[in-house]
Amino acid sequence: MYRIDTNDFDLDYTLSCGQVFRWEKDDWWTGIVRGSVIRAKQNGNGLLIESKLDKNFVQDYFRLDDDIERIYSEINKDKLMDSLIQKYRGLRLIRQDPWECLVSYICSSNNTIRNIKNSIKRMCGCFGEEIERGYYSFPAPEALAQVHISDMAQCRLGFRAPRVLKVASMVANREFDLYGIKDMSYREGRRELMKIEGVGGKIADCVLLFAFGKLESFPVDTHIEHIMDSFYGEHFKNVKKSKKREEIAEFARGYFGGYCGYAQEYLYMEDFEVK
DNA sequence: GCCCAGGGGTTAG
DNA sequence: CTAACCCATGGG
């Protein structure tokens with residue numbers, strides 16, 4: 001076990017805001033990251049970690065090197081964001097593994113967080129490797145590429161199952177260079193990700209933000225559309241329904257600036273908690 | 001039985 | 001071009 005000194009970090013907000021799907025809270029938080037079990041607990045400014053993952057990796061995973069005060073001052077454009085920064089201070093984005101993030105968000109379409117978590121857990125139990133008693137790694141592309149569609153039924157993914165198998169084959173066969181996206185701009189990466197079946201603008205934005213650290217990404221789902229409508233609705237009142245989410249994202253990028261991805265997560269948390 | 005969920009693909013107008 | 005509908009599953 002080791003300890004990381006933090007400031008402006010809140011483990012509970014960071015892990016419960018809906019960006020990650022494989023962490024569970026008991027007395028400690030327990031997650032599976034990079035094929036390792038990791039346990040985490042916050043103690044004031046101390047972040048206690050029990051894991052084979054080293055300190056540098058964990059700091060990077062929780063983005064503890066982000067200059068969060070500067071990010072706050074950049075996105076703090078009005079009373080609403082000011083209050084959300086106070087309320088959820090310490091909520092950090094997480095640097096997720098691209099493959100796990102991509103598959104997880106393909107599973108998220110028209111789904112609830114609870115169902116997404118359950119499906120991913122089943123998928124890991126069926127096709128991942130047991131790394132500790134009862135804990136399974138996220139299945140690699142090569143593993144999922146060999147799975148037959150009929151064996152996916154037990155994961156209860158519904159219409160998303162064939163999309164997961166298809167992208168697994170594409171990544172395993174190097175037909176799609178997922179890891180090359182980290183060297184692309186936000187726009188290029190978005191165009192590339194949207195070539196994948198089951199990945200539209202919103203899911204591409206989630207992968208770009210949560211896995212590739214493109215902080216100018218602003219994913220607009222039903223919750224973000226709702227809260228943006230209620231606070232900034234006059235800016236896109238007359239926009240066509242089919243273009244609305246894109247327009248909201250463009251507005252947010254201009255309004256909150258290059259760190260709008262952080263703003264998005266605070267807005268999401270608010271709509272998520274109010275619900 | 002209805003509507004909705006961290007949407008996206010397809011079709012009909 | 002746009003809106004409407006469909007997708008499979010679980011819960012309110």
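Hydrogens, waters and symmetry mates are skipped; everything else that's a heavy atom, side chains included, is used. In what follows, every chain begins at residue 1, and chains take the letters A, B, ... in the order their sequences are listed.
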Which nucleotide sits closest to the side chain of [X]: [options]?
X: A:R163; options: B:dA5, B:dG7, C:dG11; value: B:dG7
X: A:N110; options: B:dG6, C:dA8, C:dT9; value: C:dA8
X: A:T112; options: B:dG7, C:dA3, C:dG10; value: C:dG10
X: A:K243; options: C:dG11, C:dT2, B:dG6; value: C:dT2
X: A:S242; options: C:dG10, C:dA3, B:dG8; value: C:dA3
X: A:Y268; options: B:dG6, C:dA8, B:dG7; value: B:dG6

Could A:R89 and A:D8 be called an ion pair, given the rule that one side-chain N must be under 4.0 Å from one carboxylate O?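 Yes, this pair counts.
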
Looking only at the side chains, is there a donor atom on one of A:D66 and A:Y259 sitting less than 3.5 Å from an acceptor on the other?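 No.
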
Think A:T222 has a side-chain N or O under 4.0 angstrom from the OP1 or OP2 of B:dG6?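 No, outside the criterion.
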
With a 4.0 Å limit, can you tell me whether A:R156 has a side-chain N or O closer than that to the phosphate oxygens OP1/OP2 of C:dG10?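 Yes, because at least one side-chain N or O of A:R156 sits under 4.0 Å from OP1 or OP2 of C:dG10.
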
How do A:V239 and A:N115 order along DNA chain C: which one's closest nucleotide is nearer the 5' end?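 The 5'-side residue here is A:V239.
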
For nucleotides [N] and [M], find the distance between their [atom1] atoms and express it as a whole number of Å.
N: C:dG10; M: B:dG9; atom1: P; answer: 24 Å
N: B:dC3; M: C:dC7; atom1: P; answer: 16 Å
N: B:dG8; M: C:dG11; atom1: P; answer: 24 Å
N: B:dG6; M: C:dC5; atom1: P; answer: 23 Å

Nearest-Å distance for atom pair [atom1]/[atom2], residues [X] and [N]:
X: A:K202; N: B:dG7; atom1: NZ; atom2: C1'; result: 8 Å
X: A:I224; N: B:dG6; atom1: CD1; atom2: P; result: 11 Å
X: A:I227; N: B:dG6; atom1: CD1; atom2: P; result: 14 Å
X: A:R22; N: B:dG6; atom1: CZ; atom2: P; result: 20 Å
X: A:N118; N: C:dG10; atom1: CG; atom2: C1'; result: 9 Å
X: A:N111; N: C:dG10; atom1: CG; atom2: C1'; result: 8 Å
X: A:I106; N: B:dG9; atom1: CD1; atom2: P; result: 10 Å
X: A:I116; N: C:dG11; atom1: CD1; atom2: P; result: 14 Å

Could you check A:E197 against A:C206 and say which one's nearest nucleotide on DNA chain B is further toward the 5' end?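 With A:E197 and A:C206 compared, the 5'-side residue is A:C206.
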
Under 4.0 Å, heavy atoms only, any strand: does A:R160 hit a base, just the sugar-phosphate, or nothing?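 Base: the residue A:R160, judged by heavy atoms under 4.0 Å, touches a nucleobase.
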
What's A:E265 touching, base or sugar-phosphate or nothing? Going by heavy atoms closer than 4.0 Å.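 Base contact.
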
Spatial distance of atom CG (A:L208) from atom CD1 (A:I181) [nearest 0.5 Å]: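 One gets 7.0 Å once the value is rounded to the nearest 0.5 Å.
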
The single option from A:Y13, A:Y72, A:Y88 passing side-chain hydrogen bond (donor to acceptor under 3.5 Å, both in side chains) against A:Y266: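 So, applying the side-chain hydrogen bond (donor to acceptor under 3.5 Å, both in side chains) to A:Y266 and each of A:Y13, A:Y72, A:Y88, only A:Y72 qualifies.
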
Under the 6.0 Å and 45° cation-pi test, does A:R70 pair with A:Y262?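 Output no; distance or angle outside limits.
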
Show, in sequence, the C-alpha distance, side-chain angles and deciding distance for A:K202 and A:D221, and conclude whether the salt bridge (Lys or Arg N to Asp or Glu O under 4.0 Å) test is met. CA-CA 7 Å; A:K202 188 269 174 183; A:D221 71 336; 5.2 Å; no

If C:dG12 has a Watson-Crick or G-U wobble mate with both distances under 3.5 Å, name it; if not, just say none.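 With both distances under 3.5 Å, C:dG12 matches B:dC2.
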
